[in-house]
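A short worksheet on the structure shown next.
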Amino acid sequence: MSGRAVVEGRDRTRRIWLSRYDYLVVENAVKVKAYHFGRYRSVSYWELKDTAYVATIGFDSDLQLADSGPIDLTSAMFLLLAAEMGPRPRESATYVANLIGADRSGNSPVDKDGLALSELFPRFQCVQLRHKISEPDVERAFISALSDEAEVSGSWMEEGLRRKLVTLARSVPTMMPTGPLVEVLLDQDPRSLFMVLYRYLEGVYAYKASSDLRAELKVDASWIELARSLAGSLKWRPREFEALTHVLNMSSAESVAKLGWSLGIEGDATAERTAHPLYEMRNRLVHYSLGDARILPEHLNWNDLCAALCSVIESVYNVIALQMLESAEAKLAISQADVDQASGGRWNRNA
């Protein structure tokens, strides 16, 4: 049994014959997550029944992911990726016409082999994963693939920074969204990555104030829920510079020192001293008025700066995650003590 993939053309509808398996792939595969990088490059995650795939288009690097194996590109996979991801052909219109044009009998080489069209497009690659994965793990897989692509495509990022970014995505708690990192890894402007990393610090500006208020009021809501309520109901926002200083104080002294040195601080690079040039740089990138010079210091090494930011972010987010875990365990212990007291000690945890 076979099926037909329909390709709409100006002159007529062209049907490309597929095997039964290929037809089922086209009909049932689901695109779960995808990112585009310009007109030619993209990365995507697909699920088909109990199997999962990651595909890239236009990548010069070989697609290699943990717990996966490469698969040969079939007509079905090519047509699915081409239709859903929409890469632009790299060949001229004349070349395209010559390839897909029908002969006098009305036949075209692509009627029987849809894969013949693949030579019009950038490189297609696909790997099959051992099992389906969660959305955070999908984005971590994307970051790994993008790091390899950055290495071979002439990125400004050096190997040390690329490794830092991959490690950061793998090691931080799931409360840190990794999607923003995916979006900028192939960006040739280092300021884009800097701003994404800085926003991870901004994301926990409200942690200290919200946690202190939560403890004082003895409310059950998490610090994130409380911060959202304060922002939505009272229009409250933490004071940015003070909040940044608090956040840096949660990081390890070594990570803060590396960040301070990358910003040109001489001597003891404390959280307070480091917060000033870091906050000033953020403002120079975000705020702009006509006539302002946006040129940053010549001594600045973007690789060192972004790598140091990665270390600070990893340290801060892990501290917050640990404190949240300890708070949850303490709350559970208190609840168990209340139960024991109310039941006269009849409940035995080891029973």
When rounded to the nearest 0.5 angstrom, what is the spacing between [atom1] in [X] and [atom2] in [Y]?
X      : Y      : atom1 : atom2 : result
Ser171 : Glu314 : OG    : CD    : 3.5 Å
Asp148 : Thr56  : CG    : OG1   : 10.5 Å
Arg140 : Glu135 : CZ    : CD    : 11.0 Å
Leu259 : Glu254 : CG    : CD    : 12.5 Å

Test your reading of the model: is there a side-chain donor-acceptor pair from [X] to the backbone of [Y], 3.5 Å cut-off?
X      : Y      : answer
Tyr45  : Ile133 : yes
Thr245 : Phe241 : yes
Arg273 : Asp268 : yes
Ser210 : Ala206 : yes
Tyr200 : Cys310 : no
Glu139 : Gly179 : yes

Indicate yes or no: at least one non-hydrogen side-chain atom of [X] is less than 4.5 angstrom from one of [Y].
X      : Y      : value
Trp46  : Val30  : no
Tyr53  : Val127 : no
Val256 : Thr270 : no
Ser222 : Glu225 : yes
Ser311 : Lys164 : yes
Met157 : Leu165 : yes
Leu193 : Leu309 : no

Proximity of His246 and Tyr205 rings by center, below 6.0 Å: no

From CA spacing to verdict: side-chain contact (heavy atoms from CB on, under 4.5 Å), Ile143, Thr178: CA-CA 9 Å; Ile143 289 173; Thr178 50; 4.1 Å; yes

Locate the shortest heavy-atom distance separating [X] from [Y]; write the atom from each residue and the value.
X      : Y      : value
Trp156 : Cys306 : CH2-SG, 4.2 Å
Leu300 : Ser262 : CD1-O, 3.6 Å
Leu63  : Gln125 : N-OE1, 2.9 Å
Pro277 : Thr274 : CD-O, 3.2 Å
Leu129 : Ser68  : CD2-CB, 3.6 Å
Ser44  : Ala34  : CB-CB, 3.8 Å

Steps toward side-chain contact (heavy atoms from CB on, under 4.5 Å) verdict (Arg41, Ile57): CA-CA 5 Å; Arg41 290 191 291 190; Ile57 299 177; over 6 Å; no

Give a yes or no on whether [X] and [Y] share a hydrophobic cluster (residues Ile, Leu, Val, Met, Phe, Trp, Tyr; joining criterion: side-chain heavy atoms under 4.5 Å apart).
X      : Y      : answer
Tyr207 : Val319 : no
Ile71  : Leu24  : no
Trp302 : Tyr279 : yes
Leu285 : Leu278 : yes
Tyr40  : Val43  : no

Identified side-chain contact (heavy atoms from CB on, under 4.5 Å) counterpart of Val196 within the set Leu185, Val184, Val182: Val184

Crowding at CG, Asp50 (>12 non-hydrogen neighbours, <6.0 Å): no

Any donor-acceptor N or O pair under 3.5 Å, side chains Ser252, Ser255: yes

Pair Thr51, Gln128: side-chain N/O donor-acceptor within cut-off below 3.5 Å: no

Mutual orientation of the aromatic rings belonging to Phe142 and Tyr35 [parallel < 30°, tilted 30-60°, perpendicular > 60°]: perpendicular

Is [X] salt-bridged to [Y], going by a charged N under 4.0 Å from an acidic O?
X      : Y      : answer
Glu159 : Arg163 : yes
Arg282 : Glu202 : yes
Asp137 : Arg170 : no

Pairs meeting criterion ring-ring contact (aromatic ring centres under 6.0 Å, His included) with involvement of residues 119-138, two or more places apart: Phe78-Phe121, Phe78-Phe124

Verdict with supporting geometry, Val286 and Met195, side-chain contact (heavy atoms from CB on, under 4.5 Å): CA-CA 9 Å; Val286 172; Met195 286 306 305; 3.5 Å; yes

Residue pair Glu149, Val152: steps toward the side-chain contact (heavy atoms from CB on, under 4.5 Å) verdict: CA-CA 5 Å; Glu149 176 66 7; Val152 303; 3.9 Å; yes

